[in-house]
Amino acid sequence: MQSIALGLLMVLAADSAPPTLPPCQRTPNCVSTHGKGTQAIAPFRYSGTGKVAMERLVAILEKMPRTTVISASPTSLTVEFKTAFFRFTDDAIFIIDDRTKTIQFRSASRVGRSDLGVNRRRMEKLRESFERSDRSEK
C-alpha cells in the first residue's frame with residue numbers, strides 16, 4: 001500500500017523544483033553530504049538511472065523498522081525515522097543527483113544535542129544495503 005501512495009506522490013510532484021539540503025545546526029546530531037568536519041558523510045553512489053536508484057532506495061527504506069516516507073518526488077525523498085529506545089524522531093532528506101550518479105542526503109535529530117552517533121550509523125548501514133543491492137542487480 002505504501003508503494004502505491006509513493007508512486008502517486010511521485011507523479012503529482014513531478015513538476016516540483018528539486019529540493020536543496022538544509023545545513024546542519026551546530027550540534028553533533030546531524031550528518032550531511034554537504035556537512036563540514038564531523039558532520040560530513042559521503043553520498044551514496046549508484047550506476048544506472050536515477051529512477052532505478054530511487055526505486056532501490058525506497059525498497060530498502062520500506063523494509064526498515066520505524067521508518068516512514070513523508071513525501072516523494074522523482075528526485076527526492078523526505079523520511080522520518082523513529083529511534084528504537086526512546087522513539088525520538090530523526091528527519092532525513094535524500095536527493096538524487098543523476099548528473100554525478102550520487103544520492104546526497106541530510107539526517108538529523110529533531111531534538112537534543114547529541115544522538116550518540118545514531119544518524120551516522122543509520123546512514124552507513126543504509127549505504128551498505130544500497131551498495132549491496134546495486135551489486136546484486138549487475
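These figures come from a predicted structure and were not determined experimentally.
Under the 4.5 Å side-chain heavy-atom criterion for grouping Ile, Leu, Val, Met, Phe, Trp and Tyr, Val118 is not connected to Leu61 through any hydrophobic cluster. Both Val111 and Phe86 sit in one connected hydrophobic cluster of ILVMFWY residues. Membership requires side-chain heavy atoms under 4.5 Å apart, directly or through other members.
A salt bridge is defined here as a Lys NZ or Arg NE, NH1 or NH2 lying under 4.0 Å from an Asp or Glu carboxylate O, and Glu124 with Arg127 meets this definition.
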Step-by-step side-chain contact (heavy atoms from CB on, under 4.5 Å) determination, Phe88 to Arg110: CA-CA 8 Å; Phe88 291 128; Arg110 280 190 189 170; over 6 Å; no

side-chain contact (heavy atoms from CB on, under 4.5 Å) between Phe94 and Leu126, worked out: CA-CA 12 Å; Phe94 298 89; Leu126 185 54; 3.6 Å; yes

Verdict with supporting geometry, His34 and Gln104, side-chain contact (heavy atoms from CB on, under 4.5 Å): CA-CA 8 Å; His34 296 171; Gln104 305 291 325; 3.5 Å; yes

Residue pair Tyr46, Leu57: steps toward the side-chain contact (heavy atoms from CB on, under 4.5 Å) verdict: CA-CA 10 Å; Tyr46 65 89; Leu57 180 59; over 6 Å; no

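The number of heavy atoms from other shown groups lying within 6.0 Å of CD (Glu80) is above 12.
Distance check, rounded to the nearest 0.5 Å: OG1 of Thr89 to CZ of Arg87 gives 10.5 Å. Interatomic distance, Met54 CE to Ile95 CD1, rounded to the nearest 0.5 Å: 9.5 Å. Interatomic distance, CD1 of Ile70 versus CD1 of Ile93, reported as 11.5 Å (0.5 Å rounding). One distance of note links CD1 of Ile60 with CD of Glu62; it measures 10.5 Å at 0.5 Å rounding.
A donor-acceptor distance shorter than 3.5 angstrom exists from the side chain of Ser73 to the backbone of Thr75, with no hydrogens or angles considered. Gln39 contributes a side-chain N or O that, together with a main-chain N or O of Thr27, makes up a donor-acceptor pair within less than 3.5 Å. In this structure, Arg120 contributes its side chain and Ala40 its backbone to a donor-acceptor pair below 3.5 Å. Checked by atom type and distance alone, the side chain of Ser133 never pairs as donor or acceptor with a backbone atom of Glu131 at under 3.5 Å. Side-chain atoms of Arg106 never come within 3.5 Å of backbone atoms of Cys30 as a donor-acceptor pair (strictly under, hydrogens ignored). Although no hydrogens or angles enter the test, the distance criterion places no donor-acceptor pair under 3.5 Å between the side chain of Asn119 and the main chain of Val31.
Aromatic ring orientation, Phe105 versus Phe44: tilted (interplanar angle from 30° to 60°).
Scanning both residues, Phe130 and Arg45, for their nearest heavy atoms gives CE2-O, 3.5 Å. In terms of heavy atoms, Ala53 sits closest to Ile96 at CB-CD1, 4.1 Å. Listed here is the closest heavy atom pair of Ser109 and Asp115: OG-CB, 3.3 Å. Contact record, Val69 with Leu77: CG1-CD2, 4.0 Å, taken as the closest heavy-atom pair. Gly48 and Asp98 make their closest contact through O-OD1, 4.1 Å (heavy atoms, listed as atom of the first residue, atom of the second, distance).
A donor atom on one side chain and an acceptor atom on the other are not found under 3.5 Å apart for Asn29 and Ser114. Thr83 and Asp90 are not linked by any side-chain donor-acceptor pair at a separation below 3.5 angstrom, with hydrogens and angles left out of the test.
Partners of Arg99 under the salt bridge (Lys or Arg N to Asp or Glu O under 4.0 Å) rule, at least two apart in sequence or in another chain, are Asp97.
Between Met64 and Lys125, every side-chain heavy-atom pair lies at or beyond the 4.5 Å cut-off. Put simply, the side chain of Arg113 reaches to within 4.5 Å of the side chain of Pro28, judged on heavy atoms.
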